Amino acid sequence: MKCQTGDLAVILYSIRQENIGRIVRVKEYIGQFVQGETFQFRGQPCKCAVSDHHWWIGGDDITILYGPSPQAYIPDSWLQPIRPEDIEQSDITSIDTHEYV
């Protein structure tokens, strides 16, 4: 799995195109499911689009089947976690601050 509980992540792929690129919080691990498998999570019926580990995520204006929602479920492979250690120090030090004064 790429993600961990508490990560911020970018949605790389979604059935709903408007979700791609949104930043979300990875809230809770749901489980590993096979494509086409259905399950209930927090009273919501869920159907797996791909075989993968699945997460419960939260964010602003996530679009689901029923419209805007503050949370949804998503496969791990459709997310890219954002972690501080992923940002290279060279990216920060290469900015010439004198240009902005």
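Just so it is clear, the structure is predicted and the values come from calculations on it, not from any experiment.
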Exercise for the section: Enumerate the residue pairs fulfilling side chain to side chain donor-acceptor pair (under 3.5 Å) with a member in residues 62-74, sequence neighbours excluded, ordered by first and then second residue. Expected result: K27-Q71, W56-Q71
Problem - Sidechain-backbone polar pair: N19 side chain, I11 backbone, donor-acceptor under 3.5 Å - result: no
Problem - Minimum heavy-atom distance between Y29 and H54, given as atom pair plus value - result: CD1-O, 3.7 Å
Practice task
Could you tell me which non-hydrogen atom of P45 sits nearest to which non-hydrogen atom of G43, and how far apart they are?
Solution key: CD-O, 3.7 Å
Problem - Under 3.5 Å: donor-acceptor pair, side chain of S51, backbone of Q35 - result: yes
Problem - Side-chain donor or acceptor of D76 paired with backbone N/O of K2 under 3.5 Å - result: yes
Practice task
Could you state whether I15 and L65 fall into the same hydrophobic cluster, counting links through intermediate Ile, Leu, Val, Met, Phe, Trp or Tyr residues with side-chain heavy atoms under 4.5 angstrom apart?
Solution key: yes
Exercise for the section: For the residue pair F33 and F39, categorise the inter-ring angle as parallel (less than 30°), tilted (30 to 60°) or perpendicular (more than 60°). Expected result: parallel
Exercise for the section: Taking R22 for its side chain and D61 for its backbone only, find out whether a donor-acceptor pair lies under 3.5 Å. Expected result: yes
Handout entry: Nearest atoms (heavy-atom pairs only) where V26 meets W55
Key = CG1-CE3, 3.3 Å
Handout entry: Rounded distance [0.5 Å steps], OG in S77 versus CG in L12
Key = 9.0 Å
Problem - hydrophobic_cluster_shared for W78 and M1, side chain cutoff 4.5 Å - result: yes
Practice task
State, with a plain yes or no, whether a side-chain heavy atom of V24 is found less than 4.5 Å away from one of I62.
Solution key: yes
Problem - Hphob cluster co-occupancy, V10 + I57, side-chain heavy atoms under 4.5 angstrom - result: no
Exercise for the section: Please tell me if the side chains of D7 and R83 come closer than 4.5 Å, counting only heavy atoms from C-beta onward. Expected result: yes
Practice task
Would you check if L8 and R25 make a side-chain contact, meaning some heavy-atom pair closer than 4.5 Å?
Solution key: yes
Practice task
Decide whether I23 and L79 are clustered together by the hydrophobic rule: side chain heavy atoms of Ile, Leu, Val, Met, Phe, Trp, Tyr closer than 4.5 Å, transitively.
Solution key: no
Fill in the blank from the handout: dist C46:SG -> I74:CD1 (nearest 0.5 Å) comes out at 12.5 Å
Exercise for the section: Enter the distance from Q32:CD to D52:CG here, rounded to the nearest 0.5 Å. Expected result: 7.5 Å
